[in-house]
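Notes for the one structure printed next.
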Amino acid sequence: MAFEKAERLQKLPPYLFAELDRLKVSARAEGRDIIDLGVGDPDLETAPFIVDELYAKAKIQSNQQYPSGAGMPIFRETVAAWLKKRFGIVMDPHTEIFSCIGAKEAIAHFPLAILNPGDLALIPDPCYPPYKSGTTFAGADYELMPLRKENNYFPDFSLISEESLKRAKVMFLNYPNNPTAACATKEFYREAVALAKKYDFCIASDLAYSEMFFGDEKPLSIFEVDGAMDVAIEFHSHSKTFNMTGWRIGFFCGNAELVAMLGKVKSNIDSGVFQAVQYAAIKAFIEGDEKVKENVAIYKARRDLMVTGLQSLGYELEAPEATFYLWIPVPKGYSSSEFCMKVLEEANVLVTPGNGFGSSGDGFFRIALTVGEDVLQEVLTRFKGMSL
Ligand SMILES: *Cc1c(COP(=O)(O)O)cnc(C)c1O
C-alpha cells in the first residue's frame with residue numbers, strides 16, 4: 001500500500017538530525033570511529049537522588065494513574081517558588097504555570113493555540129526546528145528574522161515590514177540561544193515587549209538553557225521586564241539543567257490567557273506528565289543546585305579546552321557565555337555543508353552545519369560539548385590533521 005502524506009508533512013524540511021544520524025550510521029557501518037558532536041544531548045547522568053525519588057514515587061499506586069494535565073499543585077507551587085527565587089518573578093501556580101512533556105512538546109503545540117491558517121509567525125533564523133514545524137502544522141506561515149553576529153545575534157526589528165508586524169500573531173525568541181549561544185539583555189526584551197504591545201502579537205520565549213551559563217550574569221527571563229506578563233509565554237525544561245533529556249518534563253508559564261490556551265490544546269492531545277517524574281522534577285528543583293553547579297563547571301572546562309584549542313588552529317570563535325554549544329565560522333572558501341562533510345570524511349567527527357538551522361546559519365558550524373575532555377582532545381588532534 002502507498003499512502004500519501006498529509007500536506008503538512010510534505011511541507012516540512014527534512015529533519016536535520018535525522019539526516020545527520022543517517023550519515024553517522026552509514027559511516028559507522030563502514031567501521032569508522034565517528035565522534036558525534038552533533039546533537040545537544042548531555043552525556044552526564046541524572047543525579048542519583050533524582051532517580052531515587054522516581055523509584056520511590058513510582059511505587060505509589062495513585063501515581064500510576066492518569067496525572068493531572070496541568071501538573072500536580074505541588075509541582076506548580078514548586079515551580080512558582082523556583083521562579084521567584086531564580087528570577088524574582090511572581091507567578092500564580094494555578095493559572096500561570098502548566099507542566100509539559102518536555103519543552104519541545106509545548107513549543108510545537110503552541111501554534112495550534114494561537115495561529116489560524118494564513119496567520120504569520122515571526123521566527124529567528126537560525127533556530128531550534130520546532131518553531132517552524134509547529135507553525136507549519138497549524139497551517140500558518142512564518143517570516144524569518146535573521147540573527148547576525150554583527151547584531152549580537154538579535155533580530156533587527158527595523159527590518160521587519162509594517163505589514164508583517166501587523167499580520168504577526170506570535171514572535172518566537174530563544175536566549176540563551178540554540179544554536180548561536182547568544183544571551184539576551186533587558187534592553188532587548190524591553191524592545192521586544194514594546195513591539196508586541198504596539199502590534200498586538202504575543203511572544204513565545206524559549207528558556208531551555210536558563211541554568212547553563214558560565215559567567216556571573218545569569219540569563220534573564222523575559223518576565224524580568226515590565227509588561228511582559230501582558231504578552232508573553234515562556235518555556236522551561238529540566239532536560240539541559242538537570243541532565244534529564246530522557247525524562248520528558250518541563251513547564252510553561254506567563255500570561256494566564258496564553259497558558260490556558262495552550263493548556264486546552266494539550267488536554268485534548270496528552271494526559272500530562274507521569275506523577276513520579278513530576279515528583280523527581282520537584283526534588284531536582286529543591287535539592288539540585290549543587291549538582292547544577294558541578295555540571296556547569298564540567299561544561300565550562302570543556303568549553304575552555306575547545307575554544308582555546310580551536311583558536312590555536314586558526315578558527316575564529318569567542319567563548320560563549322551560556323549553553324553547551326560552540327557556534328563557529330567555517331574556514332574561508334567553504335559552505336557550512338561542504339565543511340561539515342569534509343570534517344566527517346577526513347576527521348571522522350560529526351558536527352552540525354549551521355544552515356541546517358536556517359539559511360542565515362550558513363557560514364557556521366555548531367559543536368555540542370556533550371562528550372568528555374579526553375574525546376574533545378582527540379577531536380582537536382583530528383582537526384589539526386585536516387587539510388584546509
Ligand atoms: C533542548 C531544547 C529544548 C527543549 O528540550 P526538551 O527536552 O523538549 O525539554 C527547547 N528549546 C531549545 C532551544 C532546546 O535546545
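One is the number of the first residue; the rest follow in order along the sequence. Values reported hereafter were calculated over all heavy atoms of this structure, with side chains retained and with hydrogens, waters and symmetry mates removed. Just follow the structure's listing: the first ligand is 1, and inside any ligand the first atom is 1. Since this is a predicted model, take the numbers as computed values, not measurements.
- Nearest approach of Ser271 to Tyr66, heavy atoms of both residues: CB-CD2, 3.9 Å.
- Atoms of ligand 1 found under 4.0 Å from any heavy atom of Asn174 (numbered from 1 in listed order, with element): 13 (C).
- Aromatic ring centres of Phe324 and Phe214 lie farther apart than the 6.0 Å criterion allows.
- Scanning the protein for heavy atoms near atom 15 (O) of ligand 1, the closest one is Tyr209 OH, 2.6 Å.
- Ligand 1 has no nitrogen or oxygen under 3.5 angstrom from a nitrogen or oxygen of Tyr131.
- The main-chain N or O of Tyr334 is never found under 3.5 Å from a side-chain atom of Glu338 such that the two would form a donor-acceptor pair.
- No side-chain heavy atom of Leu44 sits under 4.5 Å from any side-chain heavy atom of Thr370.
- In this structure, Phe235 does not count as a contact residue of ligand 1, since none of its heavy atoms falls inside 4.0 Å of the ligand.
- Heavy-atom contacts of Gly102 reach the following atoms of ligand 1: 8 (O), 9 (O) (cutoff under 4.0 Å).
- Counting only non-hydrogen atoms, the option in Lys104, His236, Lys240 that gets closest to atom 2 (C) of ligand 1 is Lys240.
- Residue contacts with ligand 1: Glu105 is excluded, as none of its non-hydrogen atoms falls under 4.0 Å.
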Salt bridge (Lys or Arg N to Asp or Glu O under 4.0 Å), that's the test. Do Lys57 and Glu53 meet it? Break it down for me.
CA-CA 6 Å; Lys57 291 300 198 283; Glu53 181 71 358; 3.1 Å; yes
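- In terms of N/O distances under 3.5 Å, ligand 1 is not approached by Thr245.
- The aromatic rings of Phe365 and Phe339 are tilted relative to each other, their planes meeting at an angle between 30° and 60°.
- A salt bridge links Arg167 with Asp141: the closest approach of a Lys/Arg side-chain nitrogen to an acidic carboxylate oxygen falls below 4.0 angstrom.
- Among Pro42, Gly250, Cys127, Ser237, the residue whose heavy atom lies closest to atom 9 (O) of ligand 1 is Ser237.
- Checked against a 3.5 angstrom limit, the closest N/O atoms of Ala103 and ligand 1 fall inside it.
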